[in-house]
A.B. asks: 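The following block contains the structure, expressed as structure tokens.
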Amino acid sequence: MIKNAVAYVFRKRTRTALIFLILTLILAVIYAGFSIIKTSEKMTSAINNANDLGLKIRSLKSETFNAESFDLIDSKLGSEKIYQYEGVAELKNGKVVTGEQLVMREDLPGYLGNAAMLQAISNVEKDPLFRSEVFKLIDGKNIAREETGKVLVHEALAKKNQWKVGDKVSLKVLGEEKELELFIQGIFTGKKKEKYTGMSSDFSENMMFADYTTMTQIFGKKKLVTSLKILVSDSEKLAALKAEMNKKSVQLEDYEISEEENQFSGMVESLDMVKQMIFMMIMAVIGAGIIVLSLVLILWVRERMYEIGILLAIGRSKIKIVGQFILELILISLPAMILAAILGRIFVGWILGAVLQKEGLDNLDLSSFTTGGGLDIFAMSYGLLILIIVLAVIVASWMILVKKPKEILAKIS
């Protein structure tokens with residue numbers, strides 16, 4: 001049976017090539033579909049992990065404000081305060097990464113030609129860009145809450161200045177006299193959605209993350225921040241937090257207070273819709289694959305009636321004949337696996353790229369996620385292809401299975 005199957009596959013090259021293309025396309029689409037579902041689940045999980053429950057506070061009167069006004073919030077609420085200062089800093093011992101700017105400015109002073117964006121956070125590990133894996137550490141480690149004098153830099157900036165973990169970075173924050181000397185604790189990679197203002201600090205490659213405690217060396221006793229997050233553990237405590245803030249003597253009308261939301265919540269909804277659409281697509285491909293393959297095989301089987309009749313005449317069972325047909329398709333599907341794996345990954349990149357572009361996140365570095373399924377996903381996809389082959393062969397061979405050998409031989413004669 002194996003010998004006959006191999007002989008037919010190699011002798012009927014045109015038909016083999018047609019079946020090869022059909023099986024490759026079916027397997028590629030199924031593999032891409034399951035890969036997208038798996039990748040979407042990982043992305044959704046990472047994005048949801050970046051979501052915090054609480055309040056975010058910004059000043060309506062100035063870029064920075066003194067967060068000490070909110071220190072009287074009752075600690076019994078189990079709240080955690082995350083102080084954040086976002087500002088431009090001149091890089092003193094290196095050169096920033098340059099790139100194509102969408103905004104051209106000629107009014108910038110010379111020292112801002114080497115400007116980086118400094119994010120000083122009291123808990124860097126909770127920054128949404130790291131928790132959602134838009135930025136991902138590739139060397140060193142993140143900055144723990146109790147650590148001081150540390151900084152995280154982008155791999156492109158580190159490569160340009162030949163920095164490594166443990167090296168020193170000197171910065172001068174815009175508007176301050178004192179310079180900061182920070183030691184590189186980690187190097188990250190990734191690309192966030194950028195807003196262009198004509199400065200080098202706009203680029204993701206020129207972003208730095210430092211601990212907030214170090215910033216107090218410049219600010220003195222003041223807790224100057226650009227934003228303050230007060231996090232709670234559940235929705236009940238969030239309601240209590242709002243009530244608590246209304247009781248305090250803080251002039252709340254001077255601040256913008258909003259519930260902390262996931263900045264990628266719209267993308268989560270899009271990914272959920274994509275997963276549903278992909279699942280329906282997989283079901284449609286399976287159905288269409290069975291139909292198309294069956295139609296091709298019906299013509300195939302009709303042309304082989306003489307061969308089938310001879311095999312039945314010499315005592316070959318119907319099951320073995322159908323088994324030979326299945327084996328022939330499996331032999332054709334083996335080389336199709338390689339091409340299908342390549343095409344599948346291309347399809348994944350196209351579809352996820354379209355989703356990210358729709359959400360305005362086309363600069364997101366997809367290498368932070370698995371952009372193709374592993375061996376388990378491919379094995380499951382190939383298993384479904386085998387099931388499609390078996391069902392299609394049974395449908396195409398139905399005239400053989402329901403008729404007696406005598407009827408088939410009489411029809412041939």
Side-chain angles (χ1 to χ4, degrees), residues 52 54-75 77-94 111-112 115-131 135 137 140-154 157 165-186 188 201 206-232 241 245 248-251 254-257 260:
D52 288 316
L55 299 177
K56 186 174 184 178
I57 304 167
R58 289 182 178 273
S59 174
L60 294 174
K61 292 188 173 182
S62 60
E63 291 186 2
T64 62
F65 64 95
N66 192 346
E68 291 177 355
S69 305
F70 297 90
D71 282 350
L72 297 177
I73 300 297
D74 193 350
S75 60
L77 293 173
S79 59
E80 176 189 1
K81 295 185 181 68
I82 297 181
Y83 304 96
Q84 182 169 354
Y85 176 86
E86 179 179 319
V88 176
E90 181 186 1
L91 182 59
K92 304 296 290 186
N93 67 331
Y111 62 87
L112 286 183
M117 177 61 69
L118 180 63
Q119 294 268 13
I121 311 172
S122 58
N123 192 345
V124 182
E125 294 174 321
K126 281 205 168 186
D127 187 274
L129 290 171
F130 283 105
R131 293 176 63 184
F135 287 159
L137 283 171
K141 60 179 182 178
N142 212 321
I143 303 173
R145 191 177 181 91
E146 67 279 359
E147 292 182 301
T148 61
K150 309 292 185 181
V151 68
L152 306 179
V153 300
H154 196 279
L157 186 61
V165 174
D167 287 348
K168 184 174 68 174
V169 175
S170 296
L171 299 169
K172 184 177 182 296
V173 179
L174 187 65
E176 303 293 338
E177 294 296 328
K178 189 175 180 180
E179 288 187 15
L180 287 176
E181 290 190 350
L182 306 172
F183 291 92
I184 299 175
Q185 176 149 305
F188 63 90
S201 56
N206 294 326
M207 284 194 70
M208 297 183 179
F209 293 83
D211 60 280
Y212 180 78
T213 304
T214 301
M215 295 300 297
T216 59
Q217 299 174 12
I218 297 178
F219 302 144
K221 295 181 179 180
K222 292 182 179 180
K223 293 181 179 178
L224 290 181
V225 297
T226 53
S227 67
L228 170 67
K229 292 181 183 179
I230 305 178
L231 306 182
V232 294
L241 174 61
M245 291 187 66
K248 301 304 176 183
S249 59
V250 178
Q251 299 293 325
D254 294 341
Y255 299 93
E256 178 189 86
I257 301 176
E260 178 64 5

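Only a predicted model underlies this, so the values are computations on that prediction, with no experimental measurement involved.
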A.B. asks: To the nearest 0.5 Å, tell me how far Ile121 CD1 sits from Thr213 OG1.
C.D. replies: 12.0 Å
A.B. asks: Atom NZ in Lys81, atom CG in Asn123: separation rounded to 0.5 Å?
C.D. replies: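 CG of Asn123 is found 14.0 Å from NZ of Lys81.
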A.B. asks: Using side chain to side chain donor-acceptor pair (under 3.5 Å) as the criterion, list what pairs up with Thr226, not counting sequence neighbours.
C.D. replies: none
A.B. asks: Please step through side-chain contact (heavy atoms from CB on, under 4.5 Å) for the pair Tyr85 and Leu118, ending with a clear verdict.
C.D. replies: CA-CA 8 Å; Tyr85 176 86; Leu118 180 63; 5.5 Å; no
A.B. asks: Quick one: do Glu80 and Arg145 make a salt bridge, cutoff under 4.0 Å?
C.D. replies: yes
A.B. asks: Give me the atom names and distance for the closest heavy-atom approach of Gln185 to Asn142.
C.D. replies: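 Shortest heavy-atom contact: NE2-O, 2.9 Å.
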A.B. asks: Taking the side chain as C-beta and beyond, is there a heavy-atom pair between Met208 and Leu182 under 4.5 Å?
C.D. replies: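 The answer is no; the side chains never approach within 4.5 Å.
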A.B. asks: For side-chain contact (heavy atoms from CB on, under 4.5 Å), just list the numbers for Leu224 and Tyr83, CA-CA rounded to whole Å, side-chain angles, deciding distance to a tenth of an Å, and then say yes or no.
C.D. replies: CA-CA 8 Å; Leu224 290 181; Tyr83 304 96; over 6 Å; no
A.B. asks: Applying side chain to side chain contact (heavy atoms under 4.5 Å, CB included), name anything that partners Lys92, two or more places apart in sequence or on another chain.
C.D. replies: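 Glu90, Ser170, Lys172, Glu179.
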A.B. asks: How far does OG of Ser122 sit from CD of Glu146, to the nearest 0.5 angstrom?
C.D. replies: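 Answer rounded to 0.5 Å: 12.0 Å.
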A.B. asks: Give me the atom names and distance for the closest heavy-atom approach of Leu180 to Met215.
C.D. replies: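 For Leu180 and Met215, the tightest heavy-atom pair comes out as CD1-SD, 3.7 Å.
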A.B. asks: Can you check whether Glu86 reaches Ser227 side chain to side chain, under 4.5 Å on heavy atoms?
C.D. replies: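 Of all side-chain heavy-atom pairs linking Ser227 with Glu86, none is under 4.5 Å.
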A.B. asks: I'd like to know if the side chain of Asp211 reaches the main chain of Gly149, judged simply by a donor and an acceptor atom lying under 3.5 Å from each other, with no hydrogens or angles considered.
C.D. replies: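 Such a contact is found between Asp211 side chain and Gly149 backbone.
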A.B. asks: Side chain of Gln119, backbone of Met207: donor and acceptor closer than 3.5 Å?
C.D. replies: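 Side chain of Gln119 to backbone of Met207: no pair is present.
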A.B. asks: For Lys178 and Ile218, work out which heavy atoms get closest and say how close.
C.D. replies: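 Closest approach of Lys178 to Ile218: O-CD1, 4.0 Å.
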A.B. asks: Decide yes or no on side-chain contact (heavy atoms from CB on, under 4.5 Å) for Asn93 and Leu91, but give the supporting numbers first.
C.D. replies: CA-CA 6 Å; Asn93 67 331; Leu91 182 59; 3.8 Å; yes
A.B. asks: If every non-hydrogen atom of Leu171 is compared with every non-hydrogen atom of Ala89, which pair is closest and at what distance?
C.D. replies: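 Taking Leu171 first and Ala89 second, the nearest heavy atoms are CB-CB, 4.2 Å.
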A.B. asks: Using 30° and 60° as the class boundaries, would you call the ring planes of Phe209 and Phe188 parallel, tilted or perpendicular?
C.D. replies: perpendicular
A.B. asks: Please determine whether side-chain contact (heavy atoms from CB on, under 4.5 Å) holds for the pair Leu228 and Ile82, giving the CA-CA distance in whole Å, both sets of side-chain angles, and the decisive distance to 0.1 Å.
C.D. replies: CA-CA 6 Å; Leu228 170 67; Ile82 297 181; 6.0 Å; no
A.B. asks: I need the Gln84 CD to Lys56 NZ distance, nearest 0.5 Å.
C.D. replies: 6.5 Å
A.B. asks: For Ala116, is there any backbone N or O sitting under 3.5 Å from a side-chain donor or acceptor partner on Ser201?
C.D. replies: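 Not confirmed, Ser201 side chain does not pair with Ala116 backbone.
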A.B. asks: I need the minimum non-hydrogen distance between Thr214 and Lys150, along with the two atoms involved.
C.D. replies: OG1-N, 4.5 Å
A.B. asks: Do you know the tightest heavy-atom contact between Ser59 and Tyr255?
C.D. replies: CA-CD2, 3.9 Å
A.B. asks: Considering only heavy atoms from C-beta outward, does the side chain of Leu152 approach that of Ile184 to under 4.5 Å?
C.D. replies: no
A.B. asks: Is the count of non-hydrogen atoms from other residues, nucleotides or ligands lying under 6.0 Å from Glu125 atom CD greater than 12?
C.D. replies: yes
A.B. asks: Considering only heavy atoms from C-beta outward, does the side chain of Leu60 approach that of Glu256 to under 4.5 Å?
C.D. replies: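 Side-chain contact under 4.5 Å: yes.
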A.B. asks: Identify whether the distance between the nearest side-chain nitrogen and carboxylate oxygen of Glu68 and Lys223 falls below 4.0 Å.
C.D. replies: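 Not counted as a salt bridge, because no side-chain N and carboxylate O are separated by less than 4.0 Å.
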